[in-house]
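Just so you know, these numbers use all the heavy atoms, side chains as well, and skip hydrogens, waters and symmetry mates. Since this is a predicted model, take the numbers as computed values, not measurements.
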Amino acid sequence: MVLHPVVEFDGDLLARLGKSGPRYTSYPTADRFSPDFGYRDYLHAVASVRTRGKRPLSLYLHIPFCESVCYYCACNKIVTRRRDKAATYLSYLKREVEMQGLLFAGMNEVEQLHFGGGTPTYLSDEQMGELMNHLRRCFSFAPDERGEYSIEVDPRTVSTERVHSLRRQGFNRISLGVQDFDPDVQKAVNRVQPELETVAIIDAARAAGFRSVSIDLIYGLPKQNLASMTQTLDKVITASPDRISVYHYAHMPHLFKPQRRIQQQDMPDSDTKLRMLQLCIERLGAAGYVYIGMDHFAKPDDDLAVAQRQGRLHRNFQGYSTHADADLVACGVSSIGAVGATYSQNVKTLDEYYDLIDQNELPVQRGIRLSMDDALRRAIIQKLMCQFELSIPAIEQAFPIAFDQYFAGELALLLKMQDDGLVQVGPEWLTVTMKGRLLIRNVCMVFDRYLARPGEGPRHSQTV
């Protein structure tokens, strides 16, 4: 029995309105960061947050290494079997962690930690234990029952014993990359991952006492069809994870070299992809999962679903989060942080990373300092992405604007979306309809002043 409202699927509307657009893990989006923002600007940002007193802190650590390449992957990664590379990287990562810890000493408590990649479990059990101990020496952590400490895991790289070790090391949430259980699809993307192997890791995570188990799926992969997706969903629902992410595969081989190994003739057509999305929504909704938004589903009692009901949901570079008021400190190559009214991104190559840390500088390559207009539009986009509604009086209280005057052009566009049934525009509320939730990126794009600059081609994936 479905205990919650479901999104409304309108295939014709999705086919007509789908277009290239940001995923809004930040605003302004990362493609608008500037090299004019550097290390010293980041230091100024940290100094500014010191004046506000203690606030929660979120940490992100990027582990870029993988043993083999998944053809669909668009992450910043280094494919190598040379374990000495990870040992060298770990020594520099610890130095960056220590530098950041000194900057935030005495002013923040870590309530959220996320390890992403690459493959975080490329690090050995011993290396991971050393890194976690180092983090605790450099930062103060909230107790396990209050903190959210998560790690992305490739089930092919861990044993049940390793899962138990990760829990003892302090992780209490685990996310498993699955993508698809169909053997033909797995071969087509170079990620052969037996179902029993994945289920064993899920069972181990539950036995170890992880508070939440999440599974990542992708629709639109080569060799996928409705029958294979149905079988994968059956298996996922039987495994009963707490959260499920269903991402739309963005095929952009001109940007990501591994995708050039995917055969174009193996790709499902647009109509099939839309029907797979519909299938996912219907099957997961019928199984009792709440549609959080932007690819994410969760059980009704999961922290994400609770946070959404209570208006506390937040969105950042790791997706949806329950920690809306935390500054995000990011360590590792290519990682992106958000401190105060700034975003900053680290350099993307190991050589640059090592060189700057050897100079005792944080490896910040670019970033942006938000203007009042940026902060205003970020607040609006956050509310729409997380709650699917916006209180206009609340925005006017938080910012020195008259909404209908400041956003006159945007309101005209929203009225056209209202005609399509995507939104409802009133004097006090802007509400995204059940039909409009699947096109939430389109709605948010109305408020993005950086889009559609003259002469720019597509910079983002399709919105559906």
Side-chain angles (χ1 to χ4, degrees), residues 59-94 96-97 113-132 135 149-167 169-171 173-181 186-187 189-194 197-202 204-205 208 210 213-218 221 241 243 245 247 249 256-259 261 317-319 330-336 346 348-350 353:
L59 294 181
Y60 173 72
L61 274 74
H62 189 74
I63 311 298
F65 302 102
C66 295
E67 286 189 359
S68 61
V69 63
C70 302
Y71 295 161
Y72 57 81
C73 185
C75 298
N76 185 285
K77 61 194 173 297
I78 298 166
V79 180
T80 180
R81 293 183 181 274
R82 287 185 52 191
R83 297 288 165 168
D84 58 310
K85 281 196 170 185
T88 301
Y89 180 75
L90 186 58
S91 67
Y92 280 89
L93 182 63
K94 287 179 180 177
E96 185 188 5
V97 166
L113 171 69
H114 185 84
F115 274 61
T119 306
T121 45
Y122 186 95
L123 298 181
S124 70
D125 188 51
E126 182 180 2
Q127 288 173 326
M128 187 66 75
E130 291 174 1
L131 181 53
M132 289 297 287
L135 283 166
Y149 307 131
S150 64
I151 185 168
E152 298 173 10
V153 168
D154 180 344
R156 302 172 299 171
T157 67
V158 295
S159 62
T160 56
E161 292 78 12
R162 179 76 191 273
V163 172
H164 282 263
S165 182
L166 289 171
R167 184 68 183 98
Q169 287 165 352
F171 296 102
R173 296 184 179 276
I174 192 168
S175 175
L176 308 180
V178 173
Q179 323 319 340
D180 195 298
F181 277 125
Q186 291 182 355
K187 289 177 185 176
V189 298
N190 197 40
R191 189 187 175 102
V192 177
Q193 183 174 315
E197 193 175 81
T198 301
V199 172
I201 299 306
I202 294 173
F210 278 84
V213 177
S214 176
I215 278 182
D216 290 345
L217 301 176
I218 299 178
L221 292 173
R243 301 177 186 177
S245 299
Y247 297 106
Y249 169 59
F256 307 110
K257 287 183 179 180
Q259 295 185 0
R261 303 188 194 185
F317 295 101
Q318 286 78 59
C331 298
V333 290
S334 78
S335 60
I336 302 177
N346 280 354
K348 295 184 179 181
T349 70
L350 292 181
Y353 183 71

Next item on the list: Starting at OG of S335, measure out to CG of L93 and round the result to the nearest 0.5 Å.
Entry: 8.5 Å
Next item on the list: For R167 and I174, run side chain to side chain contact (heavy atoms under 4.5 Å, CB included): C-alpha distance rounded to whole Å, both residues' side-chain angles, the deciding distance at 0.1 Å, then the answer.
Entry: CA-CA 9 Å; R167 184 68 183 98; I174 192 168; over 6 Å; no
Next item on the list: Indicate the atoms forming the closest heavy-atom contact of H164 with A204, along with that distance.
Entry: NE2-O, 3.8 Å
Item checked: Over all atoms of both residues, closest heavy-atom pair of T198 and Q193 -> OG1-NE2, 3.0 Å
Notebook entry, point to check: Judged by modelled atom types alone, do E161 and S159 share a side-chain donor-acceptor pair under 3.5 Å?
Noted result: yes
Margin query: Just so I know, are the side chains of V189 and Q179 near enough to count as touching, which here means a heavy-atom distance under 4.5 Å?
Written below: no
Item checked: Heavy-atom side-chain proximity of I215 to I202 below 4.5 angstrom -> yes
Next item on the list: Identify the two heavy atoms, one from C75 and one from G118, that lie closest to each other, and give their separation to 0.1 Å.
Entry: CB-N, 4.4 Å
Margin query: Does either side chain, that of Y353 or that of E96, offer a donor lying less than 3.5 Å from an acceptor on the other one?
Written below: yes
Margin query: So, taking the atom named CD1 in I151 and the one named CE in M128, what distance separates them when rounded to the nearest 0.5 Å?
Written below: 3.5 Å
Checklist line | Side-chain donor-acceptor pair present, T119, T157, cut-off under 3.5 Å | finding: no
Checklist line | Results of side chain to side chain contact (heavy atoms under 4.5 Å, CB included) for A74 - residues two or more places apart only | finding: F256, Q259
Next item on the list: For residues R162 and T121, report the shortest heavy-atom separation together with the two atoms involved.
Entry: NH1-O, 3.6 Å
Item checked: Cationic tip of R83 above Y122 ring, under 6.0 Å, 45° of axis -> yes
Check: Counting N and O atoms only, with roles assigned by atom type, does the side chain of N190 sit under 3.5 Å from a partner on the main chain of V69, one being a donor and the other an acceptor?
Finding: yes
Note to self: How close do P194 and Q186 get, counting heavy atoms only, and between which atoms?
What the structure shows: N-OE1, 4.5 Å
Item checked: Evaluation steps, side chain to side chain contact (heavy atoms under 4.5 Å, CB included), between E152 and H114 -> CA-CA 8 Å; E152 298 173 10; H114 185 84; 2.9 Å; yes
Next item on the list: To the nearest 0.5 Å, tell me how far Y89 OH sits from H62 NE2.
Entry: 6.0 Å
Checklist line | Contact check, side chains of S214 and R173, non-hydrogen atoms, under 4.5 Å | finding: no
Check: Which atom pair, heavy atoms only, marks the closest approach of F210 to V163?
Finding: CE1-O, 3.5 Å
Checklist line | Rounded distance [0.5 Å steps], CG in L176 versus OG in S245 | finding: 11.0 Å
Checklist line | Rounded distance [0.5 Å steps], OG1 in T160 versus CD in E197 | finding: 11.5 Å
Next item on the list: Please examine the side chains of L61 and L113, heavy atoms only from C-beta on, and report whether any two atoms are closer than 4.5 Å.
Entry: yes
Notebook entry, point to check: Is a side-chain donor or acceptor of N346 paired with a backbone partner of G332 at a separation under 3.5 angstrom?
Noted result: yes
Margin query: Nearest 0.5 angstrom please: Y92 OH to C331 SG, how far?
Written below: 16.0 Å
Notebook entry, point to check: Is R191 close to C73 at the side-chain level, that is, under 4.5 Å between some pair of heavy atoms?
Noted result: no
Checklist line | Pairwise side-chain contact, L123 with E130, heavy-atom cut-off 4.5 Å (strictly under) | finding: no
